[in-house]
Amino acid sequence: MKTKILNDTTEEIEEAAEIIAGGGLVAFPTETVYGLGADALNSEAVGRVYAAKGRPSDNPMIVHISSYDDMKRLTPKITKDMEKLMKVFWPGAMTMIVERNPVIPDVTTGGLDTVGIRMPDHPVALELIAKAGCPIAAPSANLSGKPSPTAAQHVIDDLVGRVDAIICSDDCKFGIESTVIDMTGLIPMILRPGIITKEDLETALGKKVLLDPTLNKRPDKFNNEDFKPKAPGMKYKHYAPKAQMIVFEGRRDDVEAAIDRERIEREALGQQVCVIIFDNGEQKAAAHQFFAKLREADREGADVILAAALREEGIGFSVMNRMLKSAGYNIRKV
Ligand code: TXA
Ligand code: MG
C-alpha cells in the first residue's frame, strides 16, 4: 500500500478527512501520542486498524470526538460525574470508559459493552474529526508491542506501507498516552495512569477515585491467575524496545552508581549501552522523552538500556507504569 505523507495544513487535513470518511486509515497527531485513526462506526475500517498494527482483536480502541454532541450519540447516559470530568479535562488527555450505544460496532470495543471516549486537545486532531464527520477510533500509531510514537518520524518508521496516510506535525506535547478512567462502576477507577493524575481527578470530582490494583504491581505479586487488568491493553507485552532493558530501583545515589558500574562493565565487553536517568523533580519532562529515548536506543543499536526508576508519585507513577512494562519487569534492586 502506498502511504501519503501529509502536512498539517487545512488542505491536507481535508484530504485526510476524506480518506477516513471513505473507510481508510490515517495516522494523526494528538497532545499525548500519535494515533492511527479510522471511522469508529465502520467495522471494516476499524478491522483494518487491528491488521495494520498487528493488534490483538480483543483490545478495544479509544473513540475520539470533537464535540460534546458526539458524546450523546455514543453513550446512553451522561452522569453528573462524567459531566464534571468532561468540563474540567476535555479537550484533553483523559479517556472515559462509559456504556456504549449500539451505533458503535463490536470490533471497535473488542466486544465489550463499554467504550472508551476522548476529546483530544490538539487542533489537527479536532479538525480531522470534525471534517471526517464521524468519531475516529484510534489506538497509538505504533506497531503493536512497540513504544508509542511521540514524533512523526516514529509513525513513519512503523507504519509506512501499512496505512493510507500519515499527517506529520510537531512532537507530542505530553509523550505518554491519556489517563483511562472507568466511569461504569460505583467508584470511578483509573485503568491506565497518565498526565492527568489520580489527585487531579479526585479534585475535579470532589471524591475518591480508585486505581486498578494491578497497576505497577511487580511480577511476584501478580504472577498468578488473579492478575487481570481491567483495560485489556494493559495485559500485553508493551512498549518494548529491541534492546534488553533493566530498571534500577533504590536510593538515587546508589542507583546512579550501580548504573555507572554496569555501564562500564558492559562497555568493556564491547556492548552498546544506553542510560536513561530522569530527574525525579522533572516528571513531565520524563513523560515527554521516555518513548522517544527507547526508540533512539534502538536506532543506535543499543544492546542494553539501563534506566533509573522514578518515584511513583503523580506523573512519576504514570511514567513508571510504562518503564516497568518496557523492561518486561526486569528490575534490579540496589
Ligand atoms: O492518548 C491516548 O489515549 C492515545 C491517543 C492516540 O489518543 N491512544 C491510545 O490508544 O493510547 P491505545 O489503543 O494504544 O490504548 C487504549 C487503552 C488500551 O489499554 C485499551 O485496552 C483501553 O485503553 N481501553 C479502550 N477501551 C476500553 C474499554 N471499553 N474498557 C477498558 N479498557 C479500554
Ligand atoms: Mg497503544
Side-chain angles (χ1 to χ4, degrees), residues 25-38 40 46 49-50 52-66 74-75 89-101 104-122 124-126 128-129 135-150 154-155 158-159 167 169 172-185 188-196 212 214-215 228-240 287 291 318 321-322 325-326:
L25 307 190
V26 177
F28 62 97
T30 83
E31 79 281 29
T32 57
V33 301
Y34 275 75
L36 174 58
V46 173
V49 175
Y50 286 98
K53 276 183 62 99
R55 179 178 175 108
S57 60
D58 67 344
N59 190 3
M61 312 261 157
I62 293 174
V63 175
H64 295 70
I65 59 174
S66 63
L74 300 176
T75 188
F89 298 112
W90 278 359
M94 178 201 64
T95 298
M96 284 195 299
I97 307 297
V98 300
E99 254 180 87
R100 76 152 151 151
N101 274 343
I104 305 169
D106 280 341
V107 267
T108 304
T109 66
L112 297 176
D113 50 16
T114 56
V115 60
I117 305 181
R118 170 165 116 83
M119 188 189 291
D121 186 18
H122 195 293
V124 175
L126 291 172
L128 180 69
I129 300 162
I136 294 184
S140 48
N142 51 283
L143 288 173
S144 195
K146 291 244 261 158
S148 294
T150 60
H154 302 159
V155 183
D158 277 17
L159 296 181
I167 303 178
S169 188
C172 302
K173 180 165 135 203
F174 292 136
I176 57 172
E177 311 87 339
S178 61
T179 303
V180 176
I181 181 162
D182 183 354
M183 300 303 291
T184 63
M189 184 189 276
I190 295 173
L191 308 188
R192 182 175 69 184
I195 294 289
I196 294 171
D212 179 339
T214 64
L215 288 175
K228 289 210 181 71
K230 297 199 172 50
M234 300 299 272
K235 70 174 182 270
Y236 298 108
K237 184 172 152 67
H238 241 91
Y239 314 129
F291 286 132
S318 311
N321 175 263
R322 276 65 174 186
K325 284 179 208 285
S326 310

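Just so you know, these numbers use all the heavy atoms, side chains as well, and skip hydrogens, waters and symmetry mates. Please read these numbers as outputs of a predicted model, since none were measured by experiment. Remember, it's 1-based here, ligands and their atoms both numbered in the order they're listed. Position 1 is the first residue of the sequence; numbering continues from there.
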> Nearest heavy-atom pair of I176 and A287: which atoms, and what distance?
Replying inline: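 Answer, listing the atom of I176 first, then A287: CG2-O, 3.8 Å.
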> At their closest point, which heavy atom of P120 faces which heavy atom of L126, and how far apart are they?
Replying inline: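 Result for this residue pair: O-CD2, 3.3 Å.
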Quick test: of every protein heavy atom, which one is nearest to [atom], and how far off is it to 0.1 Å?
{"atom": "atom 29 (N) of ligand 1", "value": "T114 OG1, 3.0 Å"}
{"atom": "atom 4 (C) of ligand 1", "value": "V33 CG2, 3.8 Å"}
{"atom": "atom 3 (O) of ligand 1", "value": "S178 OG, 2.5 Å"}
{"atom": "atom 23 (O) of ligand 1", "value": "V180 CG2, 4.0 Å"}
{"atom": "atom 13 (O) of ligand 1", "value": "R55 NH2, 2.8 Å"}
{"atom": "atom 17 (C) of ligand 1", "value": "R192 NH1, 3.6 Å"}
{"atom": "atom 22 (C) of ligand 1", "value": "A231 CB, 3.9 Å"}
{"atom": "atom 19 (O) of ligand 1", "value": "G233 CA, 3.3 Å"}

> Less than 4.0 Å between a side-chain N and a carboxylate O, is that true for D182 and K230?
Replying inline: no
Only heavy atoms of [X], strictly under 4.0 Å: list the atoms of ligand 1 that pass.
{"X": "S140", "value": "8 (N), 9 (C), 10 (O), 12 (P), 14 (O)"}
{"X": "N59", "value": "18 (C), 20 (C), 21 (O)"}
{"X": "H64", "value": "5 (C), 6 (C), 7 (O)"}
{"X": "G35", "value": "6 (C)"}

> Near the Mg ion (ligand 2), is there an N/O/S atom from S140 that is less than 2.8 Å away?
Replying inline: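 A backbone or side-chain N, O or S atom of S140 is under 2.8 Å from the Mg ion (ligand 2).
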>> Taking side-chain hydrogen bond (donor to acceptor under 3.5 Å, both in side chains) as the definition, give me every residue that meets it alongside D106, ordered by chain and number, with sequence neighbours left out.
In response: R100
[atom1] of [X] to [atom2] of [Y]: how many Å apart, nearest 0.5 Å?
{"X": "M94", "Y": "I181", "atom1": "CE", "atom2": "CD1", "value": "7.5 Å"}
{"X": "F174", "Y": "D121", "atom1": "CZ", "atom2": "CG", "value": "7.0 Å"}
{"X": "T109", "Y": "N59", "atom1": "OG1", "atom2": "CG", "value": "11.5 Å"}
{"X": "I97", "Y": "M189", "atom1": "CD1", "atom2": "CE", "value": "12.5 Å"}

Does [X] come within less than 4.0 angstrom of ligand 1, counting non-hydrogen atoms of the residue?
{"X": "A138", "answer": "yes"}
{"X": "I97", "answer": "yes"}
{"X": "R100", "answer": "no"}

>> Out of T184, L112, D58, who is nearest to atom 30 (N) of ligand 1 when you count heavy atoms only?
In response: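 The nearest heavy atom belongs to L112.
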>> Among G110, G116, P29, P60, which one puts a heavy atom closest to atom 24 (N) of ligand 1?
In response: P60
> Parallel, tilted or perpendicular for F28 and H64, by the 30°/60° rule?
Replying inline: perpendicular
>> For the 3.5 Å polar cut-off, considering only N or O atoms, please tell me whether E177 and ligand 1 meet it.
In response: no
> Does some side-chain heavy atom of L159 sit less than 4.5 Å from a side-chain heavy atom of L143?
Replying inline: yes
> Do R118 and T30 meet the criterion of a side-chain donor-acceptor pair at a distance under 3.5 Å?
Replying inline: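 Yes - a donor-acceptor pair under 3.5 Å links their side chains.
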> Between the side chains of T32 and S178, is a donor N or O closer than 3.5 angstrom to an acceptor N or O?
Replying inline: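 The criterion, which ignores hydrogens and geometry beyond distance, is not satisfied for S178 and T32.
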